[in-house]
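Heads up: the structure comes next, in C-alpha cells.
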Amino acid sequence: MVSKKKLIIGRTDRADFPKLEIENLDIKIDTGAYTSSIHCTDIVEENGILLATLLDEAHEQYHGKQMKFEEYEITSVRSSNGTSELRYEVQANIRLFSKLWKISLTLSNREQMRYPVLIGRKFLSSKFIVDPELQDVSYLQGLHEN
C-alpha cells in the first residue's frame, strides 16, 4: 500500500478559489469543524439555480459579482454549540501549495468572524497535517516560488 505524503498546514493561511474568482483570501483551518464554509450574503434560489454574493465590502477581495450555482445541495450543519442549521453547499476549487483541489463549501454569514473561510476536516483529511504553531505556510511557499 502506497501512502500519500501529507502536507503540513498551519492554523491560518491564504488561498485562491478560481471558480469563485477570489484570490489570496484569508482562511482558518479548523479541525473541530467537519464542513468548510465561506462568508456569503444575499442567497437566492430561482428556478433551480442558486445565486449568491460571496464576501462583503469589508473584504479586500470582494468583487460584488452574483455567482451562479446550478449544482448545489442543502445540508444540515451542527455548530459548536450543538444547534443545527440548514445551509446551501456548493462545489468549488481551492489552490493551496500551488495545487488545485475540489472543495465543498457551505454558504454562511461569517461577518462576525475574523476569517471569511473556515476549512474543516472533510477537506483536510488525507491531505494535510495541521500544526497550530504555523501560519500562512502555503502562501509563504508560493512567494518563494516566484
Side-chain angles (χ1 to χ4, degrees), residues 6-143 145-146:
K6 294 181 182 181
L7 296 167
I8 296 175
I9 195 165
R11 68 181 182 269
T12 62
D13 217 316
R14 295 182 192 180
D16 297 335
F17 297 85
K19 284 185 182 177
L20 304 178
E21 301 177 28
I22 298 172
E23 293 183 347
N24 199 28
L25 187 61
D26 289 332
I27 62 172
K28 179 176 181 179
I29 308 302
D30 187 351
T31 60
Y34 178 68
T35 57
S36 299
S37 64
I38 188 167
H39 178 50
C40 181
T41 57
D42 303 324
I43 304 170
V44 178
E45 192 176 8
E46 288 180 358
N47 303 319
I49 295 177
L50 189 66
L51 304 169
T53 304
L54 303 175
L55 308 178
D56 60 37
E57 294 87 359
H59 296 95
E60 186 179 316
Q61 297 85 348
Y62 175 73
H63 51 55
K65 295 178 186 172
Q66 192 173 51
M67 305 302 291
K68 289 184 182 183
F69 300 97
E70 294 181 10
E71 294 181 27
Y72 59 91
E73 294 180 15
I74 297 174
T75 188
S76 179
V77 176
R78 188 169 52 235
S79 69
S80 58
N81 66 12
T83 60
S84 292
E85 70 174 339
L86 294 177
R87 291 187 194 165
Y88 290 103
E89 183 176 22
V90 299
Q91 301 303 307
N93 53 17
I94 182 172
R95 182 176 295 114
L96 288 166
F97 296 97
S98 303
K99 183 175 178 185
L100 211 53
W101 279 286
K102 291 180 183 178
I103 188 169
S104 296
L105 295 168
T106 61
L107 306 181
S108 174
N109 187 330
R110 295 184 52 80
E111 68 185 345
Q112 299 300 317
M113 307 298 179
R114 182 172 176 194
Y115 293 90
V117 174
L118 185 82
I119 304 294
R121 292 188 317 270
K122 183 177 174 184
F123 173 75
L124 295 168
S125 293
S126 76
K127 299 176 196 74
F128 298 97
I129 294 172
V130 181
D131 184 338
E133 291 183 323
L134 301 177
Q135 295 184 70
D136 297 337
V137 179
S138 170
Y139 174 73
L140 294 171
Q141 177 184 308
L143 289 179
E145 289 174 356
N146 296 328

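For clarity, every value in this text was computed on a predicted model and none was experimentally measured.
Considering only heavy atoms from C-beta on, V130 comes within 4.5 Å of L124 through its side chain. A 4.5 Å side-chain heavy-atom check between F123 and L105 finds every atom pair outside the cut-off. Side-chain atoms of F17 and V117, non-hydrogen and from C-beta on, do get closer than 4.5 Å to each other. The closest side-chain heavy-atom distance from L7 to V137 is not below 4.5 Å. Side-chain contact check for Y88 versus I74: some heavy-atom pair is nearer than 4.5 Å.
Nearest heavy-atom pair, L55 versus Y62, reported as atom, atom and distance to 0.1 Å: C-CD1, 3.8 Å. When all heavy atoms of P116 and H59 are compared, the pair lying nearest together is CB-NE2, 3.5 Å. Smallest separation of non-hydrogen atoms from G32 and R121: O-NH1, 3.3 Å. Pairing each heavy atom of S76 with each of S84, the nearest pair is OG-CB, 3.8 Å. In this structure, F69 and A52 approach most closely via the heavy-atom pair CE1-CB, 4.3 Å.
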Query - Intermediate values then yes/no, side chain to side chain contact (heavy atoms under 4.5 Å, CB included), L54 and L107 - result: CA-CA 8 Å; L54 303 175; L107 306 181; 4.1 Å; yes
Report task. Evaluate side chain to side chain contact (heavy atoms under 4.5 Å, CB included) for N93 paired with K102, printing each intermediate quantity in order. Result -> CA-CA 4 Å; N93 53 17; K102 291 180 183 178; 5.6 Å; no
Requested in this report: Determine, step by step, whether T12 and D26 satisfy the side chain to side chain contact (heavy atoms under 4.5 Å, CB included) criterion, reporting the C-alpha distance in whole Å, the side-chain angles of both residues, the deciding distance to 0.1 Å, and the verdict.
Outcome: CA-CA 7 Å; T12 62; D26 289 332; over 6 Å; no
Report task. List the steps and the verdict of side chain to side chain contact (heavy atoms under 4.5 Å, CB included) for V77 and Y34. Result -> CA-CA 9 Å; V77 176; Y34 178 68; over 6 Å; no
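With rounding to the nearest 0.5 Å, the separation of CD in E73 from CG in L50 is 12.0 Å. Taking CD1 of I103 as the start and CG of L96 as the end, the distance is 8.0 Å to the nearest 0.5 Å. Between F128 atom CZ and F97 atom CZ the span is 6.0 Å, to the nearest 0.5 Å. We find the CE-OG distance between M113 and S108 to be 7.0 Å, quoted to the nearest 0.5 Å. Expressed to the nearest 0.5 Å, how far CZ of R95 lies from OH of Y139 amounts to 14.5 Å. To the nearest 0.5 Å, atom CD of residue E85 and atom OG1 of residue T75 are 10.5 Å apart.
Side-chain contact, Q66 with T53: no donor N or O sits under 3.5 Å from an acceptor N or O.
The residue from I22, I119, L20 that alone fulfils the side-chain contact (heavy atoms from CB on, under 4.5 Å) condition with I94 is I119.
No more than 12 heavy atoms of other residues, nucleotides or ligands shown are found within 6.0 angstrom of NZ on K28. Atom CD of E23 sits in a sparse spot, with 12 or fewer heavy atoms from other residues, nucleotides or ligands closer than 6.0 Å.
The backbone N or O of H39 sits nowhere less than 3.5 Å from a side-chain atom of E111 that would complete a donor-acceptor pair. Judged by distance alone, with hydrogens and angles left aside, the side-chain atoms of R11 form a donor-acceptor pair with the main-chain N or O of P132 at under 3.5 Å. Judged by distance alone, the side chain of R14 and the main-chain N or O of D136 form no donor-acceptor pair under 3.5 Å. Under the 3.5 Å distance criterion, the side-chain polar atoms of D56 are matched with a main-chain donor or acceptor of A58. Judged by distance alone, the side chain of H63 and the main-chain N or O of K65 form a donor-acceptor pair under 3.5 Å. Side-chain atoms of D13 never come within 3.5 Å of backbone atoms of A15 as a donor-acceptor pair (strictly under, hydrogens ignored).
Under the salt bridge (charged side-chain N to carboxylate O under 4.0 Å, His left out) criterion, K6 pairs with no residue at all, not counting sequence neighbours.
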